[in-house]
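Sequence lines set the chain letters: A, B, ... in the order given, protein chains first and strands last, and positions in each chain run from 1.
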2 protein chains.
Amino acid sequence: MNIPLPSETVFHAIESSIKCYRKFAQQNISEVFPDITIDQGLILLFLNKFPDMSQTEIAELVFRDNASMTRMINLMVKNDYLNRSINEQDRRRFNIEITPKGKDVLKRLPPIIARNRAQSLQGITEQEQEQLKNILKKMTANCTKIYAS
Amino acid sequence: MNIPLPSETVFHAIESSIKCYRKFAQQNISEVFPDITIDQGLILLFLNKFPDMSQTEIAELVFRDNASMTRMINLMVKNDYLNRSINEQDRRRFNIEITPKGKDVLKRLPPIIARNRAQSLQGITEQEQEQLKNILKKMTANCTKIYAS
DNA sequence: TTAATATATTTGATATATCAATTATTTTTA
DNA sequence: TAAAAATAATTGATATATCAAATATATTAA
């Protein structure tokens, strides 16, 4: 059976774009914060906006599983970006607190992220961005629907 | 500085779609080939089409670095999908040969891949797929151009 | 109100991701 | 041609990805 080569498909284009963006964005972040990864930055942004989030909820937002999230947060605690304490309302969970060092990142990271986003989207209109999101959402729905059944 | 939450951006939509697709596709592959990953499947497809490819060239096509490729191919050799032998024309390189077990995968995998692709793209027109590719290519170019400078 | 089920997180095992350094070989250049 | 530079692949170190199993706590149902 003959199928198009993987490199000709939309899937390849998707992987290519997001990998390139990540590499590019990480380089710009690393110049200022040598030991902050993109994902650690995302975790900080989410926690800052929703301080009561559980690890499981954060994991969903950044598309990782719980085990990965445990380890990522362990590392961020070790590097003094976060603190963990037991949630007395639900003793299965942790309260996750952003340390001063984490707050410093939150001050200086957003402009870098804004620049990364803007530069990577140069020449792509708002309308195209909406198209992009809509098409990708269809694809996500297709894949989710199917493997949940 | 206030920036849109990561979960509102196109980048999030991109990550979401490709992660969902990978999970969905992997599940369907695993039902038939329990120890073949999507990427191992891709490697087999590329090697089948271009038998003289070097590890470095394959790595580029699947967006991995050389170190990852070495380890992925090690594993595929261990699992008897590939064989390696030294390339006498250029003794830095290897010839990579697909074993009978690998060829069996190549017979039975393409229909599964075709089905995965079709199902995940249901309701997305050819035209939309082209739009998608074009927009993503712009993005890739933006990121590549910038961090190469 | 026990018992069963569900939820939140961790741990272990194995694979992959990535960087930097290293080895072996080939190509270029002085 | 010898030295320098480039290329192909590997290795070590550390982080992340993912599954399955385990632990602890909460919730639901009998």
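For Ala59(A) against Asn66(A), the heavy-atom pair with the smallest separation is CB-OD1, 4.0 Å. The shortest non-hydrogen separation linking Ile3(A) to Pro110(B) is CG2-O, 3.8 Å. The two atoms that bring Pro6(A) and Leu45(B) nearest to each other are CG-CD1, 3.9 Å, heavy atoms only.
Among the nucleotides dA17(D), dT18(C), dA8(D), the one closest to any side-chain atom of Arg71(B) is dT18(C).
With sequence neighbours excluded, the residues forming a ring pair (Phe, Tyr, Trp, His ring centres under 6.0 Å) with Phe63(B) are His12(A), listed by chain and number. In this view, Lys138(A) and Glu128(B) satisfy the side-chain hydrogen bond (donor to acceptor under 3.5 Å, both in side chains) rule, not counting sequence neighbours. Annotation: side-chain hydrogen bond (donor to acceptor under 3.5 Å, both in side chains) contacts of Arg108(A) (sequence neighbours excluded): Asp104(A). The salt bridge (Lys or Arg N to Asp or Glu O under 4.0 Å) test applied to Glu130(A) returns Lys133(A), not counting sequence neighbours. Scanning for side-chain hydrogen bond (donor to acceptor under 3.5 Å, both in side chains) contacts around Asp65(A) gives Ser68(A), with sequence neighbours left out. Every residue two or more places apart in sequence or in another chain was checked for a side-chain hydrogen bond (donor to acceptor under 3.5 Å, both in side chains) with Gln131(B), and none qualifies.
For the atom pair Met139(A) CE and Phe24(B) CZ, the distance stands at 9.5 Å (nearest 0.5 Å). Atoms CG and CE, on Leu106(B) and Met1(A) in that order, are 13.5 Å from each other to the nearest 0.5 Å. Atom-to-atom distance recorded for Ile112(B):CD1 and Asn116(B):CG is 7.5 Å, nearest 0.5 angstrom.
One can place CD1 of Ile73(B) at 8 Å from P of dT10(D), the figure rounded to the nearest angstrom. Rounded to whole Å, the distance from CD1 on Ile38(B) to C1' on dT16(C) is 14 Å. When the C1' atom of dA17(C) is taken as reference, atom CE of Met72(B) falls 10 Å away, rounded to whole Å. Spacing between atom CG of Asp39(A) and atom P of dT18(D) amounts to 11 Å, rounded to whole angstrom units. Regarding Lys19(B), its NZ atom lies at a distance of 12 Å from the P atom of dT16(D), rounded to whole Å. Rounded to an integer number of Å, the gap from CD1 of Ile18(A) to P of dA17(C) is 15 Å. Taking atom CG on Leu75(A) and atom C1' on dT10(C), their separation rounds to 16 Å, with Å as the unit. Atom-to-atom, CG of Asn74(A) to C1' of dT14(D) comes out at 14 Å; the value is rounded to the nearest Å.
When the side-chain nitrogen and oxygen atoms of Gln40(B) are compared with OP1 and OP2 of dT16(C), one or more of them lie within a distance under 4.0 Å. Phosphate contact (OP1/OP2 of dT9(C), side-chain N/O of Ser54(A), threshold under 4.0 Å): present.
Scanning residues 55-69 of chain A for heavy-atom distances under 4.0 Å to DNA chain D yields Arg64(A), Asp65(A), Ala67(A), Ser68(A). Applying a 4.0 Å cut-off to non-hydrogen atoms, the residues of residues 80-101 of chain A that approach DNA chain D are Asp90(A), Arg91(A), Arg92(A), listed by residue number.
Applying the side chain to side chain donor-acceptor pair (under 3.5 Å) definition to pairs two or more places apart or across chains, those involving residues 33-46 of chain A are Arg22(A)-Asp39(A), Asp35(A)-Tyr81(A), Asp39(A)-Arg64(A). Evaluation of the side chain to side chain donor-acceptor pair (under 3.5 Å) test over residues 90-100 of chain A, restricted to residues two or more places apart or in two chains, returns Asn87(A)-Asn95(A), Glu88(A)-Arg91(A), Asp90(A)-Arg92(A).
A rotation axis mapping the C1' atoms of four pairs onto the next four is fitted at both ends of the helix from dT1(C)-dA30(D) to dA30(C)-dT1(D) over five pairs, and the angle between these axes is 20° to 10 degrees.
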Between N or O atoms, less than 3.5 Å apart, protein on one side and nucleotides 2-4 of chain C on the other: list the pairs.
none

